[in-house]
Participant: 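Would you mind keeping the following structure in view while I ask a few things?
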Amino acid sequence: MKPKIKVPLFINIGKNRDTDKYFLYNSNKTRLDRMAADVYGDDSLYWIILEANPEYYIEFDIPNNTPIRIPYPLQEVLQEFQEKIINNQLG
């Protein structure tokens with residue numbers, strides 16, 4: 001029996017909120033994990049920022065002085081993400 005290969009699931013956090021935060025990205029001063037720590041209080045949530053900016057596959061793709069959207073508040077973002085995962089699995 002062949003092992004199942006798990007493909008990463010990319011879910012676009014597309015819902016713009018009036019409460020979203022925006023920062024200019026600077027590769028010499030900015031890291032997504034630090035942005036996540038500042039905004040969410042948890043540096044491991046950097047992936048949410050990437051999901052909210054789907055034009056960039058990885059952090060190193062982001063050009064300097066690019067506005068980066070950080071979806072906020074966190075609980076709404078996590079709820080949206082969870083709903084999209086459920087819909088993706090069922091649909």
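The structure displayed is predicted, hence computed values, not measured ones.
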Participant: About how many Å separate OG1 of Thr66 and OH of Tyr56, when rounded to the nearest 0.5 Å?
Facilitator: 4.0 Å

Participant: Counting only heavy atoms not in Arg34 (residues, nucleotides, ligands), do more than 12 fall under 6.0 Å from its CZ?
Facilitator: no

Participant: What do you reckon, is CD of Gln82 surrounded by more than 12 foreign heavy atoms closer than 6.0 Å?
Facilitator: no

Participant: Quick one: closest heavy-atom pair of Val77 and Tyr72, and the distance?
Facilitator: CG2-N, 3.9 Å

Participant: Where do Ile49 and Ala36 come nearest, in terms of heavy atoms and distance?
Facilitator: CD1-N, 3.8 Å

Participant: Checking Asp20 now: which residues fulfil salt bridge (Lys or Arg N to Asp or Glu O under 4.0 Å) with it, not counting sequence neighbours?
Facilitator: Arg69

Participant: About how many Å separate OG of Ser27 and CG of Asn65, when rounded to the nearest 0.5 Å?
Facilitator: 9.0 Å

Participant: Is any NZ, NE, NH1 or NH2 atom of the basic residue among Lys84 and Glu51 found under 4.0 Å from an Asp or Glu carboxylate oxygen of the other?
Facilitator: no

Participant: Distance alone, cut at 3.5 Å: any donor-acceptor contact between the side chains of Glu83 and Gln79?
Facilitator: yes

Participant: What verdict does the side-chain contact (heavy atoms from CB on, under 4.5 Å) test give for Tyr40 and Ile48, after you've listed the backbone C-alpha separation in whole Å, the side-chain angles of each residue and the deciding distance to 0.1 Å?
Facilitator: CA-CA 10 Å; Tyr40 301 136; Ile48 292 174; 3.5 Å; yes

Participant: Check whether any side-chain heavy atom of Arg17 sits under 4.5 Å from a side-chain heavy atom of Pro71, and report yes or no.
Facilitator: yes

Participant: What verdict does the salt bridge (charged side-chain N to carboxylate O under 4.0 Å, His left out) test give for Arg31 and Glu59, after you've listed the backbone C-alpha separation in whole Å, the side-chain angles of each residue and the deciding distance to 0.1 Å?
Facilitator: CA-CA 8 Å; Arg31 288 188 3 207; Glu59 182 172 353; 5.7 Å; no

Participant: Do the side chains of Leu24 and Met35 join up, straight or via other hydrophobic residues, at under 4.5 Å, putting them in one cluster?
Facilitator: no

Participant: Sequence neighbours left out, what pairs pass ring-ring contact (aromatic ring centres under 6.0 Å, His included) with at least one residue falling in residues 17-37?
Facilitator: none

Participant: For Pro67 and Asn53, work out which heavy atoms get closest and say how close.
Facilitator: O-OD1, 4.4 Å

Participant: Per the side chain to side chain contact (heavy atoms under 4.5 Å, CB included) rule, which among Leu45, Ile58, Leu50, Ile70 passes with Leu32?
Facilitator: Leu50

